Structure formats: C-alpha cells, structure tokens
Amino acid sequence: MARGTIPILRMENLCYEAGGKAIVHDVSVTVRRGDYFAVVGPSGAGKSTLLRLLNRLDEPSRGTVYLEERDYRQLPPAELRRRVGMVMQAANLFPGTVTDNLRFGPQQRGEQVSRETIAGLLERVGLSGYEERDVSNLSGGEAQRVSLARTLANTPEILLLDEPTSALDHAAQRDVEELICSIVCEQELTALMVTHDMEQAARMVGQVIVLEKGRLVRSGPIEEALHAE
C-alpha cells in the first residue's frame, strides 16, 4: 500500500478528565503513515495532553487509540513508547554522557546499541564527536538534539514532539526545526508536533489538528487552517 494511505494511528472519541474538568473531549482523528501534523490552539486547549494520551503517558478517561488498527491498551507500555516516541519541550536528559542517554532506551529491552550506531545518530543530529560529552555541559540546542537522537535510537514509527523548540533562542530554534523536518522526511516517519506558533506550523508540517477547550475544531491541510484564521 502506498505511503500516506495506511492508517497508522487512529484516535477514537478520546477523552481525558482531571479534577472533574474535561481537558480533552471526544477527539477522533485518523493519522496515516507519513502524515506530519501540527497540534495547535490557544493556551489550555489540551494540546500537550492530547500528545501524552497518544503513548499513554496519560491514560484516557474514555475512548482509545488504535495503532495500526490494534487497541493500544493491548500493547505493553514499553513497546508502545518505543514505537510512538516522544520528544519533550525540555530535553530532560539523564545524568551521565551523551552515549549513556542514547543507550538507555534499547537497554531497557535488553538490546545494546553499537558505537557505530551512536556515532551515526550523533552525526545525523549534528553532534559528531559528542559521544563522551557530559550532558551537564551541553547548550540548550545541543541538549534538544541529544533528546531527539535518544528518541531515534529506539527506532520509532511515530514521532511526538511537544513544543520541541520553545525553550530555544531564535537561531537554535530554526536549526532544530530544519533538523526535525529533514529527519522526518528521510526516515519517512509519521509525526505530530504541538506548537503555539502557526508560522512555525506553516514552515514545518502538511496537516493540522486545531483544538479549543479540549475539543477538535478542525483537522486537515495546514493551508485550510491558515485561511480559516
């Protein structure tokens, strides 16, 4: 089946409540293999919560998510989070070296990542020679690149990005934007990125999910969302 026609991720009536308040309410979206979505909306719209629901960092109150038409609650959480990798707003690296961080995920599955693979990952994110660099000595942009490489070390099928450039200065932001777009394209990943910046969304993605007060307002091509603004 051609790229872009396979429903790899399907949200079905997805809801999340906390403290008696609906944070995400009745969201249904189909994401096909190779799609690149931005999740946009005003502050408090439920964007980051929606992303966290997609790999069960938060548990749905109602509804569910299907990964290649299999209810994701049937998957062990470790397998789900390998296949649906997430890069947070803050890098949240583990203490130690860059290599320690890149090896962490595969080690949880009893797998070893070779030096060659680590070197290749670091070269891809523009950090060649950083294998033994202590993460406490990284800049914000470097740390976010390591965070991305750490997620890619798990060979995910879907990449979730929660405002991955919002903590960076303008120059680093554009560099990381370009890096993410090139990796998504080269590896033919499916990706969803939360952003508060419609200009960034227009630069990076093809499709958009618009939330307001936890409800789905619109999903579809980014051009349609921009014209609706």
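None of the values given here were measured: they were computed from a predicted structure. In this chain, numbering begins with 1 at the start of the sequence shown. Atom set for the values below is all heavy atoms of this structure, side chains included, hydrogens, waters and symmetry mates excluded.
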Are [X] and [Y] joined in one hydrophobic group, where the rule is that I, L, V, M, F, W and Y side chains link up if heavy atoms are under 4.5 Å apart?
{"X": "Leu75", "Y": "Leu57", "answer": "yes"}
{"X": "Leu50", "Y": "Tyr66", "answer": "no"}
{"X": "Leu168", "Y": "Leu148", "answer": "yes"}

What residues, two or more places apart in sequence or in another chain, satisfy side chain to side chain contact (heavy atoms under 4.5 Å, CB included) together with [X]?
{"X": "Ser48", "result": "Asp162, Val194"}
{"X": "Arg56", "result": "Glu59, Tyr72, Arg73, Leu80, Arg81"}
{"X": "Glu186", "result": "Arg124, Ser182"}

Check whether [X] reaches the backbone of [Y] with its side chain - one donor and one acceptor, N or O, closer than 3.5 Å.
{"X": "Arg82", "Y": "Thr155", "result": "yes"}
{"X": "Asp71", "Y": "Gln74", "result": "no"}
{"X": "Thr190", "Y": "Gly34", "result": "yes"}
{"X": "Ser28", "Y": "Asn13", "result": "yes"}
{"X": "Arg103", "Y": "Val113", "result": "yes"}
{"X": "Lys47", "Y": "Met193", "result": "no"}
{"X": "Glu177", "Y": "Met204", "result": "no"}
{"X": "Arg150", "Y": "Asn101", "result": "no"}
{"X": "Asp175", "Y": "Ala172", "result": "no"}

Among pairs that include at least one residue of [range], which meet ring-ring contact (aromatic ring centres under 6.0 Å, His included), considering only residues two or more places apart or in two chains?
{"range": "residues 16-49", "result": "none"}
{"range": "residues 103-133", "result": "Phe94-Phe104"}
{"range": "residues 137-184", "result": "none"}

For the student: nearest non-hydrogen atoms of [X] and [Y], plus distance:
{"X": "Asp26", "Y": "Cys15", "result": "N-SG, 3.2 Å"}
{"X": "Ala201", "Y": "Ile222", "result": "CB-CD1, 4.1 Å"}
{"X": "Val135", "Y": "Pro95", "result": "CG2-CA, 4.3 Å"}
{"X": "Ala153", "Y": "Pro106", "result": "O-CG, 3.8 Å"}
{"X": "Arg109", "Y": "Gly105", "result": "NH1-O, 3.5 Å"}
{"X": "Pro164", "Y": "Val87", "result": "CB-CG1, 4.5 Å"}

So with a 6.0 Å cut-off around CD of Glu123, is the heavy-atom count from everything else above 12?
-> no
For Arg115, look at atom CZ and say whether over 12 heavy atoms of other residues, nucleotides or ligands are found less than 6.0 Å away.
-> no
I'd like to check [X] versus [Y] (side-chain heavy atoms, cut-off strictly below 4.5 Å). Are they in contact?
{"X": "Leu54", "Y": "Ile158", "answer": "no"}
{"X": "Leu159", "Y": "Gln187", "answer": "no"}
{"X": "Arg215", "Y": "Lys213", "answer": "no"}
{"X": "Gln144", "Y": "Gln173", "answer": "no"}
{"X": "Met86", "Y": "Thr151", "answer": "no"}
{"X": "Val31", "Y": "Pro7", "answer": "no"}
{"X": "His196", "Y": "Ser43", "answer": "no"}
{"X": "Ile209", "Y": "Leu192", "answer": "yes"}

Just do the side chain to side chain contact (heavy atoms under 4.5 Å, CB included) check on Met88 and Arg52 with the steps written out, would you?
-> CA-CA 10 Å; Met88 302 287 195; Arg52 291 174 61 87; 4.2 Å; yes
Go through the steps for Leu138 and Leu93 under the test side chain to side chain contact (heavy atoms under 4.5 Å, CB included), then give the verdict.
-> CA-CA 10 Å; Leu138 300 177; Leu93 300 177; 3.9 Å; yes
Gap between atom [atom2] of [Y] and atom [atom1] of [X] - 0.5 Å precision:
{"X": "Leu53", "Y": "Leu14", "atom1": "CG", "atom2": "CG", "answer": "5.0 Å"}
{"X": "Leu152", "Y": "Leu121", "atom1": "CG", "atom2": "CG", "answer": "6.5 Å"}
{"X": "Ile180", "Y": "Arg145", "atom1": "CD1", "atom2": "CZ", "answer": "9.5 Å"}
{"X": "Asn154", "Y": "Glu79", "atom1": "CG", "atom2": "CD", "answer": "12.0 Å"}
{"X": "Ser147", "Y": "Glu142", "atom1": "OG", "atom2": "CD", "answer": "13.5 Å"}
{"X": "Ile8", "Y": "Glu69", "atom1": "CD1", "atom2": "CD", "answer": "11.0 Å"}

Determine, stepwise, if the pair Val125 / Val146 fulfils side chain to side chain contact (heavy atoms under 4.5 Å, CB included).
-> CA-CA 8 Å; Val125 300; Val146 172; over 6 Å; no
What's the verdict on salt bridge (Lys or Arg N to Asp or Glu O under 4.0 Å) for Arg62 and Glu17, showing C-alpha distance, side-chain angles and the deciding distance?
-> CA-CA 9 Å; Arg62 293 187 302 281; Glu17 298 175 356; 3.0 Å; yes
Side-chain donor-acceptor pair present, Asp197, Thr195, cut-off under 3.5 Å = no
Can we say Arg83 and Glu68 salt-bridge, meaning some charged N sits less than 4.0 Å from an Asp/Glu carboxylate O?
-> yes
